[in-house]
Amino acid sequence: MSRALIAVGVALLLLPTAALAQSKGKGIRLWNLTSATIASFELSPAGKNEWGPNQTLNDKDKEVDHDERLRITGVEPGRYDAKVGYSGGKQCFARDLEIKADAVFSVSDKDLKDCNK
C-alpha cells in the first residue's frame with residue numbers, strides 16, 4: 001500500500017513539471033522573410049486548397065512585419081501550402097512548406113508564386 005501511495009505522490013509532483021515544460025515550448029512559428037508586411041496568412045494541407053483561418057489574427061497588430069515571427073495555431077506538423085496576402089490586395093502562394101513541431105519555418109520572396117498583382 002505504501003509503495004502505491006509513494007508512486008501516486010511522485011506522479012502528482014511530476015505533473016506540474018511536465019505541464020510547465022510543455023508550456024515553455026514556443027510552438028510553430030512563421031518567420032516573415034518577405035520584403036513586405038504580411039496582412040493575411042492562411043494554410044492548407046499541400047495540394048488540397050482547403051484554407052484554414054487567417055493566422056495573422058494571432059498577432060497583436062494583426063500583421064507580420066518583415067523579419068517578425070508569428071505564432072501559428074491549430075496546425076499539425078506536415079506539408080502545407082500558404083496563401084500570403086499583403087495590403088493593397090496583392091496575394092501570393094508559397095507551396096509545399098514543411099512545418100515541424102515547435103519549430104520556425106520561413107517564407108521569403110523567392111518562395112512566392114502565382115501572385116495576382
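All values below come from the heavy atoms of this structure, side chains included, with hydrogens, waters and symmetry mates left out.
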[atom1]-[atom2] distance between [X] and [Y], expressed to the nearest 0.5 angstrom:
X: Q91; Y: N116; atom1: CD; atom2: CG; answer: 6.0 Å
X: Q55; Y: T73; atom1: CD; atom2: OG1; answer: 4.5 Å
X: W51; Y: Y80; atom1: CH2; atom2: OH; answer: 12.0 Å
X: L43; Y: F105; atom1: CG; atom2: CZ; answer: 5.5 Å

Ignoring hydrogens, what is the shortest heavy-atom contact between [X] and [Y]? Give both atom names and the distance.
X: L57; Y: K62; result: O-NZ, 3.3 Å
X: A39; Y: N54; result: O-ND2, 3.9 Å
X: I28; Y: V75; result: CD1-O, 3.4 Å
X: R29; Y: R71; result: CG-CA, 4.2 Å

In terms of hydrophobic clusters joined by side-chain contacts under 4.5 Å, are V64 and L97 together? yes
Does T34 have any side-chain contact (heavy atoms from CB on, under 4.5 Å) partners at least two apart in sequence or in another chain, and if so, which?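 With neighbours one apart ignored, the set is N32, I38, Y86, V107, D109, L112.
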Going by side-chain contact (heavy atoms from CB on, under 4.5 Å), name the residues that satisfy it together with K110, two or more places apart in sequence or in a different chain.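 K110 satisfies side-chain contact (heavy atoms from CB on, under 4.5 Å) with S108 once adjacent residues are dropped.
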Could I get the full list of salt bridge (Lys or Arg N to Asp or Glu O under 4.0 Å) partners for [X], not counting sequence neighbours?
X: E63; value: none
X: E68; value: none
X: D114; value: R95

Who else is in the cluster with V104 when I, L, V, M, F, W and Y are joined by side-chain contacts under 4.5 Å?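 Grouped by the 4.5 Å side-chain rule, W31, L33 form the rest of the cluster around V104.
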Between the side chain of S44 and the main-chain N/O of E50, is any donor-acceptor distance below 3.5 Å? yes
Just by modelled atom types, is the A46 backbone N or O under 3.5 Å from a matching donor or acceptor in the D81 side chain?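 No: the side chain of D81 does not pair with the backbone of A46.
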C115 side chain near K90 side chain, heavy-atom distance below 4.5 Å: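 SC-SC contact between C115 and K90 confirmed.
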